[in-house]
Amino acid sequence: MAQYENWMREAIADARNALSSGDVPVAAFIVDAEGRRIGSGRNERELHKDPTAHAEVLAIREAAASLSDWHLLGTTLVVTLEPCIMCAGAILNARIPRVVFGAWDEKAGAVGSIYDLLRDRRLNHRVEVVAGIEAEACADLLLDFFRAQR
């Protein structure tokens, strides 16, 4: 659990970098079986005017390029916010075996809040989910961002 907390603190620091572009402060990275980062991303929808530029998708793209393979077997995705439906689909398609996330997303979450796609037995790939790591710190970052927008 301590490793997950360390990783999440790193992701929170990365998420703060999204603030400069006006994007929602969410960050993700992927580590290989040895714990080395092989891909990272932060929300860049506003920066690139791209609705698919979520932190998880960008991290998956970078990790796949790093490995020269879209099968991200033996990896862990760490993300500050519960993945949405699009990102959960990308996680499943990349065959990522473990996801560690911080804050729950009661409005768009697809890993336990609204849907639970990553553990849906009807699908051919299931993911180990470790939820709520540094949840309060992750949620506070988002709450501060949205307060400042009002």
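A quick note: this is a predicted structure, and the numbers were derived from the prediction, not measured.
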_Arg42 versus Ala18, closest heavy-atom pair with distance_ = NH1-CA, 3.3 Å
*How about Leu72 and Arg95: do any of their side-chain heavy atoms sit closer than 4.5 Å?*
no
*asked:* Within the 4.5 Å heavy-atom criterion, are Asp120 and Arg126 side-chain neighbours or not?
replied: no
*asked:* What's the separation between atom CG in Leu77 and atom OG1 in Thr75, rounded to the nearest 0.5 Å?
replied: 7.5 Å
Joint cluster assignment, [X] & [Y], ILVMFWY side-chain distance < 4.5 Å:
{"X": "Val130", "Y": "Met8", "value": "yes"}
{"X": "Val127", "Y": "Leu67", "value": "yes"}
{"X": "Val57", "Y": "Val111", "value": "no"}
{"X": "Trp7", "Y": "Ile12", "value": "yes"}
{"X": "Leu92", "Y": "Leu81", "value": "yes"}

_Tell me which pairs pass side chain to side chain donor-acceptor pair (under 3.5 Å) where either residue lies in residues 104-114, with sequence neighbours left out._
Glu82-Ser113
*asked:* Ile91 and side-chain contact (heavy atoms from CB on, under 4.5 Å): which single residue from Leu118, Leu117, Val79 fits?
replied: Leu118
Pairs under 3.5 angstrom only: tabulate donor-acceptor contacts from the side chains of residues 131-147 to other protein residues two or more places apart or in another chain.
unit_1	atom_1	unit_2	atom_2	d
Glu134	OE2	Arg9	NH1	3.0
Asp144	OD1	Arg147	NH1	3.2

Contacts table for residues 24-40: side-chain donor-acceptor under 3.5 angstrom, sequence neighbours left out:
unit_1	atom_1	unit_2	atom_2	d
Asp32	OD1	Glu34	N	3.0
Asp32	OD1	Gly35	N	3.1
Asp32	OD1	Arg36	N	2.9
Asp32	OD2	Arg36	NE	3.1
Asp32	OD2	Arg36	NH2	2.9
Glu34	OE1	Arg36	NH2	3.0
Arg37	NH1	Asp14	OD2	2.9
Arg37	NH2	Glu10	OE1	3.2
Arg37	NH2	Asp14	OD2	3.0

